[in-house]
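Notes follow the structure.
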Protein chains: 2
Amino acid sequence: MQKDPLRQFRMRDIAQQAGVSLVTVSRVLNQPEKVARATRERVLKVIHEHDYIPDMLAGSMASRRSFAVGVIVPTITNSLFADTIDGLSSVLEPAGYQLMIGSSRYDPVREGALVRTMLSRRVDALVLTGTTHDPDAHKLLASARLPVFEMWNLTPSPIDTVIGFSNFEAARQMTLWLHGQGYRCIGYLGGLTEKNDRTTDREAGFLAAMDEIGDDAADGRIVRAPFDFPSGGTGIRALKQQCPGIDAAFAASDVLAVGAVLECQRQNWQVPQQLAIAGLDDSIIAAQLTPSLTTVRLPRYEIGRRIGEEFLARVNGRAAGPRQIDLGFEIVPRESA
Amino acid sequence: MQKDPLRQFRMRDIAQQAGVSLVTVSRVLNQPEKVARATRERVLKVIHEHDYIPDMLAGSMASRRSFAVGVIVPTITNSLFADTIDGLSSVLEPAGYQLMIGSSRYDPVREGALVRTMLSRRVDALVLTGTTHDPDAHKLLASARLPVFEMWNLTPSPIDTVIGFSNFEAARQMTLWLHGQGYRCIGYLGGLTEKNDRTTDREAGFLAAMDEIGDDAADGRIVRAPFDFPSGGTGIRALKQQCPGIDAAFAASDVLAVGAVLECQRQNWQVPQQLAIAGLDDSIIAAQLTPSLTTVRLPRYEIGRRIGEEFLARVNGRAAGPRQIDLGFEIVPRESA
DNA sequence: CTACGCGATGAAACCGTTTTCATTCAACAC
DNA sequence: GTGTTGAATGAAAACGGTTTCATCGCGTAG
């Protein structure tokens, strides 16, 4: 009479039924080639008969590998990061890894808490968005001996490896491009900059470009807003009101840019004749809009894929790639500017 | 001389440094009230000094609780499910749970594989999208003794608990509503129906409504497409070509509807004068569009939140709620129809 | 004075795997 | 016939916690 007759099968039970030792069952599962064919088949038969599912917690604990990778993004609601996550899982999943996703809501403290949780769960690697983090978390990561990937930006002083593109350059070059198109009074619709290196760098890139152009009144043509459609609308209105002479607006995110274009439709402002609008992301809807959105294409999916590949390379002992990988970006001229 | 001087601190080490037994450390972490104040503070001091992070794998294994909940959605790229995930984590995260997210890519077999992986990782509960699943997975779940939640639809025969709304009714009622608005030749732009209970039910709802209306040619006004913006465009073109007399199109998803509206803008078809368009989702962009999109508001976030609450109630031993929870939907009339 | 209950603590068993090391046995070389 | 080798297998020791049960004082009721 069992203590708990409904209890799940353990490896021990499978071993017993197959008339082998527990070790052999473990080998059948993890290094089948090391087990004689006959034995292996006998064990597999028992495994299937009982729908045996090994306990990965126990396995991970013993092997000190969890086959889990932690990913912390600001929000999963924005499809930007969802694309990166998709890219990551396209590489890691076939390799047997599972993603553990957390969203920091753009809050470094929450990010730090997530880092702790994930370390506690003994992830095999950690992927963070951006290059500025809570000091405590930073220290923790530096001493934890696991691969850490920062993404979606570049930095001269990465924790471990950075994979992304230069937000500064992306914004700078788009601004210069707009100037090259003949726009002379360019406004900037940016994200909230507190504690967010990507938006900070983009704004800096815009200002740097304006400086090069010789426009020293650019500070007065900056509006900051959270990344959502309605804010794009209110943002563009604010910008237009703030400096009526504006002939182009560069939004540091497609969400804002699309929101702005839609608002222009409502206001009956001709885009780009009266007001040109450019975005940054090349989100899926950018090309569909009328007028279609001029924007900067970012390596959203590629960032994830590349991180996955670098990680696998490291796990397999192949030399780690460079510590900083710049995946670049590309200006996509369309109708809106 | 240690074997590995860089090795992370274990509970044993903390205990030793604090001059207590390992058990006491464990209690300080999990049931602090059971430890004398003085002892507790001494232990906590050591813990903080060394930035000790307990090994949750070991903890989960011993306690037989992982504090992880598995969630399987068709795709995380679509913000629909991202909203649900947000709702879920808004409830579960404060309770100390972590989500383990997997995307099935609308493939039951992949879903089944994910179910196995998650069971293997000993999640405390499992959340699935939809109500039709791979038979093997279904069997596995029925015998696994953990809470299982199906969501985003209803069914008379749930595995465990279903939380969602009636896709059939949502489509049916929107169709009837369109008819009530005076549209007489209504087309349907739906998702691919294979193996997807939500799209299947929506299409059935549309047909049921057309039947009630007395329109028996509706089958000829159905176009199916994957859920993305471009497909909304090609879909509406196909529909218009297939039956030029069409005066309204009901898209079973806002992505398709938005894609359709944008295509109409390009084609210069007046919406809703020449062609009315209605969607289903109330996605964030629906209200921003010009014309704004008439659609069906779904309890996206609420589904997640409610599942979280039901799960916690069960964990805390409170009686489980009803096995089927209908969160309803709401028709949102706007400008496009 | 003794028995009892209770708060605080610890020893030992256990959770279900992987890893390391040893053993067995058959094939093969000399 | 005797080592030598290598494939196949298993015993035992981790892995780092939690749970159960026992013990130790100490205040208090009888």
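Convention: sequence-line order gives letters A, B, ...; per-chain numbering from 1.
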Side-chain contact, heavy-atom cut-off 4.5 Å: B:Arg300 with B:Phe81? no

If you find the nucleotide of DNA chain D closest to A:Ala36 and the one closest to B:Phe9, which residue's nucleotide is nearer the 5' end? A:Ala36

So if I take the C1' atoms of five pairs at each end of the helix from C:dC1-D:dG30 to C:dC30-D:dG1 and get each local axis, what angle do the two axes make, rounded to 10 degrees? 50°

Within residues 103-138 of chain A or reaching into it, pairs that qualify as ring pair (Phe, Tyr, Trp, His ring centres under 6.0 Å) - sequence neighbours excluded: none

Are any of B:Arg64's side-chain N or O atoms less than 4.0 Å away from OP1 or OP2 of C:dC15? no

Only one of A:Thr200, A:Asn196, A:Asp197 forms a side-chain hydrogen bond (donor to acceptor under 3.5 Å, both in side chains) with A:Asn153, so which one is it? A:Asp197

Checking all strands, does A:Leu57 fall into the base, sugar-phosphate, or nothing category for heavy-atom contacts under 4.0 angstrom? nothing

Using OP1 and OP2 only, check whether a side-chain N or O of A:Tyr52 sits under 4.0 Å from C:dT17. yes

Look at the side-chain N and O atoms of B:Ser26 and state whether any lies under 4.0 Å from the OP1 or OP2 oxygen of D:dT18. yes

Under 3.5 Å, N/O pairs linking protein and nucleotides 20-25 of chain D:
none

Reckon B:Thr39 touches a base, only the sugar-phosphate, or nothing at all at heavy-atom distances under 4.0 Å? sugar-phosphate

May I ask you to evaluate whether A:Thr24 reaches the phosphate of D:dT9, defined as a side-chain N or O under 4.0 Å from OP1 or OP2? no

Below 4.0 angstrom from OP1 or OP2 of D:dG10, is there any side-chain N or O of A:Ser21? yes

